[in-house]
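Note that this is a predicted model, so its numbers are computed, not measured. First the proteins, then the strands, lettered A, B, ... as listed; each starts at 1. Side chains included, hydrogens not; waters and symmetry mates left out as well; all remaining heavy atoms used.
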Amino acid sequence: MMVRLSELRPGQVGIVQRIEADDALRLRLMEMGLLRGERVRVLKYAPLGDPIELEVGLYHLSLRRREAETILVEMEP
Amino acid sequence: MNQRRRGAPTTKQVSKRLVALAGNPNSGKTTVFNALTGLRQKVGNYAGVTVEKKLGLLTLPDGTTIEILDLPGAYSLTARSPEEQIARNVLLGEVPDTPRPDLVVLVVDGSNLERNLYLATQVLDMGLPAIIALNMMDVAQGRGLQVDAAQLERWLGVPVVPLIASKGVGIDRLKELIARSELPRPPARRWKAAPEVEEAIQTVAQALRRTGTVPEEAVEAEAIRLIGLEGTPSLLQERGGPELVQAVRQARERLQAAGHSPATFEAEARYEWIRSLTREVVRRSGPPPVTLSDRVDQVLTHRVFGPIAFIALMALVFQTVFTWATIPADWIDAAMVALGDWIRNLMPPGAFRSLLADGVIGGVGSVLVFLPQILALFFFISLMEDTGYMARVAFMMDRIMRRVGLHGKAFVPLLSSFACAVPGIMATRTIENPRDRLVTIMAAPLITCSARLPIYTLLIAAFIPGGATVKALTMLSLYLMGIVGSITVAFVLKKTLLKGETPPLVLELPAYKWPSWKAVLLTMWDRSRHFLRRAGTIILGVAILLWFLTSYPSPPESVLAPIEARRAELLRQNPSDPAVAQALAELDNQEASLNIQYSFAGYFGRAIEPALRPLGFDWRIGIGIFSSFAAREVFVSTMGTIYSVGAVDEETTPLIERLQSATWQSGPLQGQPIFTLPTAVALLVFYVFALQCMSTVVTMARETGSWKWPAFAWTYMAAMAYVGAFLARHLVLWLA
């Protein structure tokens, strides 16, 4: 099922399919390892509900919901 | 090749070899830098930008020294942030005051090889001789990762040194390699994009080659970058003229026609190659274990415990900076007073003694007292940075700070400004985005700092009617006014002058690690050294100028004569008699008061009195405001001098009584008291907003790299102070 990364709950995993952001942000996210086919796990949300902490490859990355919304992932069951 | 500035090895070396350190943030680059250079570092700025330039010296066993340049941490060289831009420009030899490095040491986090190799391979593509410092091998092992250094060396074609920089493991081997004067250049770019993309790259490379602006070995890398950059015809025009503009435009069109994105084709192709590399070089034994860092993080960013731990830490920082650091500050203050007295006893009275004792010692002293606060604050800040906690602060505070358009990391500098804006402004260096950093710097001086407290306590004690509760509430509302003012300025600046989309938050949350005490001490040392150098130059100069303006010209003989006569008369009596001693002290004060009244500052105060009258201030308050540019608390001692009372201390009653009985000397209000409730309130509000602190102004100039911003801040804060004081006065008048 294709969903936006911001819709995943902590513990859920998605596989990056597409990023619907402008060139600059898309490149930045790709440089940080968010390429098509990458497995991304949502670890937690910040105490105030935003931003999100993700596990990307071997490290942890934080994005705001706004940016996470631009990332379409295939949810892993 | 002609870009290299080193002569043949046989000629006498004119300049040292320059080695650049490049790497991702959190790759341990700074630890490697500290291990190579020790204490011999200097930190400055690259000309014209606020990017930090860190240089250090490495001495080899044979006695030769090598300069090490720590490039700003970056994730790529695409050059969209100033840090990336600087890193790239240095590697191409395009920075005016920095020669092209002879060698690059690429610090790579072995526990996260894939993402770290993105930048590393970009740098290799620039064609400079390079060494890979494969750092954090212990962390990699702890996570069940085996990194095959020999295999990596084969893939990349440059020497690879495994390191545990935090424990010094591998540093000697790294030094050995750096010492070799002739290291081969890396092989030509090994990753390849689709054939039609490669063709486009070659066309642009040809056009670029003809301009002769880029070293041959870096031409392809630069061509790839230019295709990726969007909307930069002016840059291309400048570099290569219409031909290059044309070539890049055609290449972009060709890529788009073939279904590739010009912006991201490099990222896709490069990562594809890197992934095939890591599949062979990195072995994983078993599933990733839950590390201690993960467990610590579960508490420190927990929904409930996270904020509690953060508030507790901030309370400790605040307590240390605000309360405990003032103890050594008081010692410094007392020592400077003692030194001043010693000089006064040692030297005959006169202009030179006054210059030394009041101008120099007083001026330096008023700046030195900040030192304990700076040390204390930077102890905590570098600890938070070094352990990885600062990224979590940004993570937790982002939502709040974003409301005002600021970065989560702006929280700590603004909080520190409650103690003192000087270390607060210096602490903004943790904010990477230059625009956000500037907004934070501009907002910080409006936060109520501890130097405003003496003024607040004096005026509140003297003029705010009512009991302790009312007085406390007044104090609280002054603090709130400062906070609201600060937020407003940040908000308005973000909407106007420093407009721009709130940059997206793309923040790495590094694994927690034990702090390196060496790194913490180095940061504390570096920050205080910079501050003291300023204190020794500009701030001292301003202090002497202020001394001059409040001391000269001297009052005419006819005015001083009666005082001299009375003093001579008193001196003939028994000077040990307390009554006589007190009368003499009183005379000294009268003389000091006359001195300041007849000085340039006195003239200035009288000249601006018409402007101050709407606020209810007379010219003597004007002098106080003027002289308090040295530091706000000077206002209290100036008021003491000018209204000529005995020993001045904010808690002594005589000053309060004297202020209460001061009356207008001229004008329609002649004979009526100056310090009425509306005037006192206006003065309080004035000091909430006014930027009367030369140390802050000088620090702002240093941190922003220009005098434009502090001048602007001083002006709008003065305007806010004036308007605020006027409104406050009339509000009180209306209420009464």
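- Figure legend: R115(B) and Y75(B) shown without cation-pi pairing, the cationic atom not lying both under 6.0 angstrom from the six-membered ring centre and within 45 degrees of its axis.
- Proximity to chain A is absent for every atom of R270(B), based on heavy atoms less than 4.5 angstrom apart.
- Between chain B and the options P51(A), G37(A), G57(A), G33(A), the largest number of non-hydrogen pairs under 4.5 Å is found for P51(A).
- Ranked by non-hydrogen atom pairs under 4.5 Å with chain A, the options P504(B), A511(B), A394(B), S111(B) are led by P504(B).
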Q: Might you work through the side-chain contact (heavy atoms from CB on, under 4.5 Å) test for F265(B) and I227(B), ending with a clear yes or no?
A: CA-CA 10 Å; F265(B) 78 93; I227(B) 296 172; 3.8 Å; yes
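- Heavy atoms closer than 4.5 Å to chain B are found nowhere in E55(A), neither backbone nor side chain.
- Only the side chain of L25(A) comes within less than 4.5 Å of a heavy atom of chain B; its backbone N, CA, C and O stay farther away.
- There is no contact between N26(B) and chain A, counting heavy-atom distances below 4.5 Å.
- Looking only at atom types and distance, the side chain of E53(A) has no donor-acceptor partner in the side chain of S62(A) under 3.5 Å away.
- Heavy atoms of L145(B) lying under 4.5 Å from chain A belong exclusively to its side chain.
- Contact annotation for E268(B): both backbone and side-chain heavy atoms come within less than 4.5 Å of a heavy atom of chain A.
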Q: Take L43(A) and L54(A) through the test side-chain contact (heavy atoms from CB on, under 4.5 Å) and record every step on the way to the result.
A: CA-CA 5 Å; L43(A) 292 171; L54(A) 308 169; over 6 Å; no
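- Contacts of E114(B) with chain A are made by side-chain atoms alone, with heavy-atom separations under 4.5 Å and no backbone atom involved.
- With chain B as the partner, the residue from K44(A), R64(A), M32(A), H60(A) showing the most heavy-atom pairs under 4.5 Å is R64(A).
- Counting all heavy atoms, side chain and backbone alike, G49(A) lies closest to R65(A) at O-NE, 3.0 Å.
- At distances below 3.5 Å, not a single donor-acceptor pair connects side-chain atoms of T70(A) with backbone N or O atoms of A21(A).
- For Y389(B) and F395(B), the ring centers are positioned 6.0 Å apart or more.
- For E67(A), the part lying under 4.5 angstrom from a heavy atom of chain B is the side chain only.
- For chain B, the nearby part of L29(A) is the side chain; its heavy atoms alone come within less than 4.5 Å.
- Checked options M75(A), R36(A), E76(A); the residue passing with I15(A) is E76(A) (criterion: side-chain contact (heavy atoms from CB on, under 4.5 Å)).
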